[in-house]
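What follows is one structure encoded as structure tokens, with my remarks underneath.
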Amino acid sequence: MVRRTKAEAEQTRQRIIVAARKVFYQSGVGRSTLEEIAKAAGVTRGAVYWHFENKTDLFFAMRAQVTLPLIDRVDSMLQSGREEDPLTGIEAALNEILTILETDEATREVFRIIKLRCEYVDEFAGVLAEINNSQSGFAEQLTLAYLRAREKGVLREGLDPRAMALDTSVFMAGLMQRWLSESAAGQIAANARRMIEAHVALRRQSRQVGG
């Protein structure tokens, strides 16, 4: 009985998170209320407060539900994939982010909320710091991958791995921002993978021809 009650509570929690995502996406985070979210989830306002302290807490739960699996997937690719050519691994990881955005509606909606439908002021001022921390973690994993690329001799001479990691992190953040703000037929969406390919190619050590 206790186990079933815990399962039911978790189902209610997940239903509230899904409802919050839909309400945040439709109305914007600032204009959304817990009452609207409770109504969309088919629960009472008290049930929302039983699971979440406030709207910020609910926002973080919604974000974690989709971003943590994505981060784990991308970090795994950067850490262990393509060890013989880490730059190919970096390109694959960046393309994987696009693939997830293209194929997973929930992830796509959450990233649109984060980047396009939330004002980071008042109680949400601290949320931006948390998002920046996750971007710093991504840059750190990229730094390690670029260091491996230098060790393998595939990173162009004279390039600093940490600077390249920061550059790639900023490039990807901007690319995602534009990708998410366009329709599926937009110019950025149509050319995003070629842009990633070109971005990584600029960092690759040119092959010597001749013998």
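Numbers here are sequence positions counted from 1.
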So, the side chain of Thr143 versus the backbone of Ala139: is there a donor-acceptor pair under 3.5 Å, distance only? yes
Sidechain-backbone polar pair: Gln205 side chain, Glu157 backbone, donor-acceptor under 3.5 Å: yes
Between [atom1] of [X] and [atom2] of [Y], what distance do you get to the nearest 0.5 Å?
| X | Y | atom1 | atom2 | answer |
| --- | --- | --- | --- | --- |
| Ile196 | Met172 | CD1 | CE | 4.0 Å |
| Glu8 | Thr5 | CD | OG1 | 5.5 Å |
| Gln141 | Ile90 | CD | CD1 | 11.0 Å |
| Leu180 | Ile188 | CG | CD1 | 11.5 Å |
| Leu202 | Leu159 | CG | CG | 9.5 Å |

Does Arg13 have any salt bridge (Lys or Arg N to Asp or Glu O under 4.0 Å) partners at least two apart in sequence or in another chain, and if so, which?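 Counting only residues at least two positions away or on another chain, Arg13 forms no salt bridge (Lys or Arg N to Asp or Glu O under 4.0 Å).
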Taking salt bridge (Lys or Arg N to Asp or Glu O under 4.0 Å) as the test, write out the residues that go with Arg31, two or more places apart.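 If we apply the salt bridge (Lys or Arg N to Asp or Glu O under 4.0 Å) test to Arg31, skipping adjacent residues, there are no hits.
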Indicate the atoms forming the closest heavy-atom contact of [X] with [Y], along with that distance.
| X | Y | result |
| --- | --- | --- |
| Ala192 | Leu98 | CB-CD1, 3.6 Å |
| Glu119 | Phe124 | O-CB, 3.8 Å |
| Thr33 | Glu36 | N-OE1, 2.9 Å |
| Pro86 | Lys152 | CD-CG, 3.9 Å |
| Leu87 | Val200 | O-CG1, 3.6 Å |
| Ala173 | Gln135 | CB-NE2, 4.5 Å |

Arg73 and Thr99: side chain donor to acceptor below 3.5 Å: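 No.
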Are [Y] and [X] connected into the same hydrophobic cluster when the rule is that any two of I, L, V, M, F, W, Y join if their side-chain heavy atoms are below 4.5 Å apart?
| X | Y | answer |
| --- | --- | --- |
| Val127 | Ile71 | no |
| Met176 | Met62 | no |
| Leu116 | Ile100 | yes |
| Leu58 | Ile131 | yes |
| Val43 | Tyr49 | yes |

Taking C-beta and beyond as the side chain, do [X] and [Y] meet within less than 4.5 Å on heavy atoms?
| X | Y | value |
| --- | --- | --- |
| Ser134 | Arg63 | yes |
| Ile97 | Val74 | yes |
| Asp85 | Arg204 | yes |
| Leu34 | Lys55 | yes |
| Leu70 | Asp104 | no |
| Arg112 | Arg108 | yes |

side-chain contact (heavy atoms from CB on, under 4.5 Å) partners for Thr44, two or more places apart: Ala47
Any side-chain hydrogen bond (donor to acceptor under 3.5 Å, both in side chains) involving residues 161-178? Give me the pairs, sequence neighbours left out, ordered by first then second residue.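 Passing the test, one end in residues 161-178: Glu140-Arg162, Tyr146-Thr168, Asp167-Arg203, Thr168-His199.
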Show the numbers, then the answer: is there a side-chain contact (heavy atoms from CB on, under 4.5 Å) between Glu123 and Asn54? CA-CA 10 Å; Glu123 72 268 30; Asn54 48 39; over 6 Å; no
Enumerate donor-acceptor pairs with a distance under 3.5 Å from any side-chain N or O in residues 16-30 to protein atoms, sequence neighbours excluded.
{"unit_1": "Arg21", "atom_1": "NE", "unit_2": "Glu109", "atom_2": "OE1", "d": "3.0"}
{"unit_1": "Lys22", "atom_1": "NZ", "unit_2": "Glu109", "atom_2": "OE1", "d": "3.4"}
{"unit_1": "Lys22", "atom_1": "NZ", "unit_2": "Glu109", "atom_2": "OE2", "d": "3.3"}

With a 4.0 Å cut-off on N to O distance, would you call Arg193 and Glu102 a salt bridge?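 Glu102 and Arg193: salt-bridged.
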Residues clustering with Val121 (ILVMFWY side chains joined when closer than 4.5 Å, directly or via others):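 Result for Val121 is none, singleton.
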